[in-house]
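Worth knowing before you read on, the calculation uses all heavy atoms, side chains too, and leaves out hydrogens, waters and symmetry mates.
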Amino acid sequence: CWKRHGHGWMNLTSAMRESCDVWFYDVARRIGVDRIAAMANRLGLGAPTGLDLRGEGRGLIPTKQWKRDKKGQPWHQGETLVVGIGQGYVLTTPLQLAVMTARTVNGGRAVTPHLTRMKIDGREITEREGGRAFPDIGIPQEHLEIVRRSLDEVVNHAKGTARKSAIADEDWQMGGKTGTAQVRRISKAEREAGIRKGEDIAWRLRDHALFVGFAPVHKPRYAVSVVVEHGGGGSKAAAPIARDVLLELRRLGIHLASGDLPLAGEEAL
């Protein structure tokens with residue numbers, strides 16, 4: 001755990017809020033990698049999102065069978081633990097992370113991302129956002145609500161890892177989750193000697209910073225994912241960018257609604 005003396009007793013909300021890897025290691029061990037993969041697939045990971053561009057990466061959510069087929073080796077329990085925090089063989093694209101976030105906070109609807117040209121009044125987007133056209137991915141609402149509340153506390157609770165990026169406006173508060181994508185292997189000897197800080201490591205060896213976010217918390221409308229290559233921790237490098245993007249979306253949304261946004265012709269990208 002990043003907290004040397006541990007966090008003590010935790011539940012899902014506190015583990016997400018304070019980013020306690022050990023809690024997720026334990027849950028992953030109990031669930032097993034194949035069940036983790038099945039849920040990840042429902043949330044849009046491990047397959048193309050359906051974006052209107054060719055050559056989209058599909059990412060990878062491993063299973064026991066995948067390792068037997070691709071590596072010719074059995075699955076090991078330790079690999080399940082790291083899959084539980086999105087590492088190991090797991091691969092995702094930033095767009096998949098945004099889709100995962102949207103499906104989690106929109107009530108479990110299998111939203112598909114599209115490139116579109118938005119009209120001034122935004123009606124095309126608004127009708128699609130209503131959720132009527134998207135199938136239900138079959139997650140109980142009470143379970144999704146626990147996760148949404150946890151994502152809220154990551155940003156808006158005093159102990160949340162992204163609390164410094166909170167949006168003060170109560171009508172546009174952001175929820176989300178910080179993350180780190182490990183770039184290099186950290187040896188046991190290095191851990192025992194004390195892991196070096198980012199500024200003491202060559203830039204190309206520093207971790208990538210991640211953050212997924214959404215706003216407003218009480219009625220989600222926008223989802224965003226940010227990846228800062230070699231940026232270090234998600235709370236410092238990625239979360240502030242997500243906050244600024246969501247604030248700009250609010251500004252643009254207000255102008256779109258009033259028709260004040262200067263546009264070239266009848267439509268704008």
Side-chain angles (χ1 to χ4, degrees), residues 1-4 7 15-25 27-29 33 36-37 40 43-49 55-63 66-67 70-71 73 75-101 151 154-155 160-162 164-165 176-213 223-245:
C1 186
W2 64 264
K3 192 171 185 180
R4 179 171 290 275
H7 286 95
M16 289 186 66
R17 180 182 69 215
E18 300 173 44
S19 201
C20 179
D21 285 353
V22 175
W23 192 90
F24 291 99
Y25 292 153
V27 171
R29 178 183 60 83
V33 68
I36 292 174
L43 293 170
L45 304 181
T49 64
E56 181 187 3
R58 64 181 300 113
L60 172 63
I61 300 298
T63 62
W66 170 86
K67 191 180 179 188
K70 297 296 184 180
K71 304 289 185 180
Q73 300 173 1
W75 187 264
H76 301 292
Q77 190 177 58
E79 295 171 315
T80 300
L81 271 60
V82 292
V83 165
I85 62 166
Q87 294 196 7
Y89 293 114
V90 174
L91 295 172
T92 67
T93 67
L95 182 61
Q96 286 176 328
L97 295 177
V99 169
M100 173 194 71
T101 305
L151 296 171
V154 168
V155 181
T161 56
K164 292 183 179 179
S165 295
K177 182 70 187 79
T178 54
T180 304
Q182 191 172 323
V183 171
R184 66 188 182 91
R185 180 179 179 274
I186 301 174
S187 67
K188 181 179 179 181
E190 184 177 353
R191 290 187 183 279
E192 291 175 348
I195 298 175
R196 292 176 294 168
K197 296 182 179 180
E199 56 268 24
D200 298 325
I201 303 172
W203 178 83
R204 64 184 178 83
L205 298 178
R206 297 176 189 174
D207 295 335
H208 300 322
L210 279 73
F211 185 81
V212 295
V224 61
S225 73
V226 176
V227 178
V228 180
E229 292 184 336
H230 308 294
S235 60
K236 292 183 179 180
I241 296 173
R243 174 200 60 206
D244 292 348
V245 168

Straight-line distance of [X] [atom1] to [Y] [atom2], nearest 0.5 Å:
{"X": "Thr92", "Y": "Leu45", "atom1": "OG1", "atom2": "CG", "value": "6.5 Å"}
{"X": "His230", "Y": "Arg204", "atom1": "NE2", "atom2": "CZ", "value": "9.0 Å"}
{"X": "Arg206", "Y": "Thr180", "atom1": "CZ", "atom2": "OG1", "value": "14.0 Å"}
{"X": "Ile85", "Y": "Cys20", "atom1": "CD1", "atom2": "SG", "value": "10.5 Å"}
{"X": "Phe24", "Y": "Met16", "atom1": "CZ", "atom2": "CE", "value": "5.5 Å"}
{"X": "Lys70", "Y": "Thr63", "atom1": "NZ", "atom2": "OG1", "value": "11.0 Å"}

What closest approach, in Å, do [X] and [Y] show between heavy atoms, and which atom pair accounts for it?
{"X": "Phe211", "Y": "Val155", "answer": "CZ-CG2, 4.1 Å"}
{"X": "Ser19", "Y": "Lys177", "answer": "OG-NZ, 3.2 Å"}
{"X": "Asp207", "Y": "Val183", "answer": "OD1-N, 3.4 Å"}
{"X": "Ala237", "Y": "Val228", "answer": "O-CG2, 3.8 Å"}
{"X": "Gly234", "Y": "Pro240", "answer": "O-CD, 4.5 Å"}
{"X": "Glu56", "Y": "Leu95", "answer": "OE2-CD2, 4.0 Å"}

Check: [Y] and [X] side chains under 4.5 Å, non-hydrogen atoms:
{"X": "Arg184", "Y": "Ile201", "value": "yes"}
{"X": "Val83", "Y": "Trp75", "value": "yes"}
{"X": "Val33", "Y": "Glu79", "value": "no"}

Please identify which of these residues, Leu210, Val224, Val226, meets the side chain to side chain contact (heavy atoms under 4.5 Å, CB included) condition with Leu97.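 Passing option: Leu210.
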
Any donor-acceptor pair under 3.5 Å linking the side chain of Gln96 with the backbone of Ala47?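 Between the backbone of Ala47 and the side chain of Gln96 there is a qualifying donor-acceptor contact (under 3.5 Å).
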
Treating Ser225 as the side-chain partner and Pro94 as the backbone partner, does any N or O pair qualify as donor plus acceptor under 3.5 Å?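 Yes, Ser225 side chain to Pro94 backbone: donor-acceptor pair under 3.5 Å.
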
Applying side chain to side chain contact (heavy atoms under 4.5 Å, CB included), run through Val90 and Leu60 and close with a yes or a no. CA-CA 5 Å; Val90 174; Leu60 172 63; over 6 Å; no

Take atom CD of Gln182 as the centre, draw a 6.0 Å sphere, and report whether it contains more than 12 heavy atoms from other residues, nucleotides or ligands.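 For Gln182, atom CD is crowded (more than 12 foreign heavy atoms under 6.0 Å).
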
For the residue pair His7 and Trp2, categorise the inter-ring angle as parallel (less than 30°), tilted (30 to 60°) or perpendicular (more than 60°).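 Correct class here is perpendicular.
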
Are Thr178 and Lys236 linked by a side-chain donor-acceptor pair shorter than 3.5 Å?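 No.
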
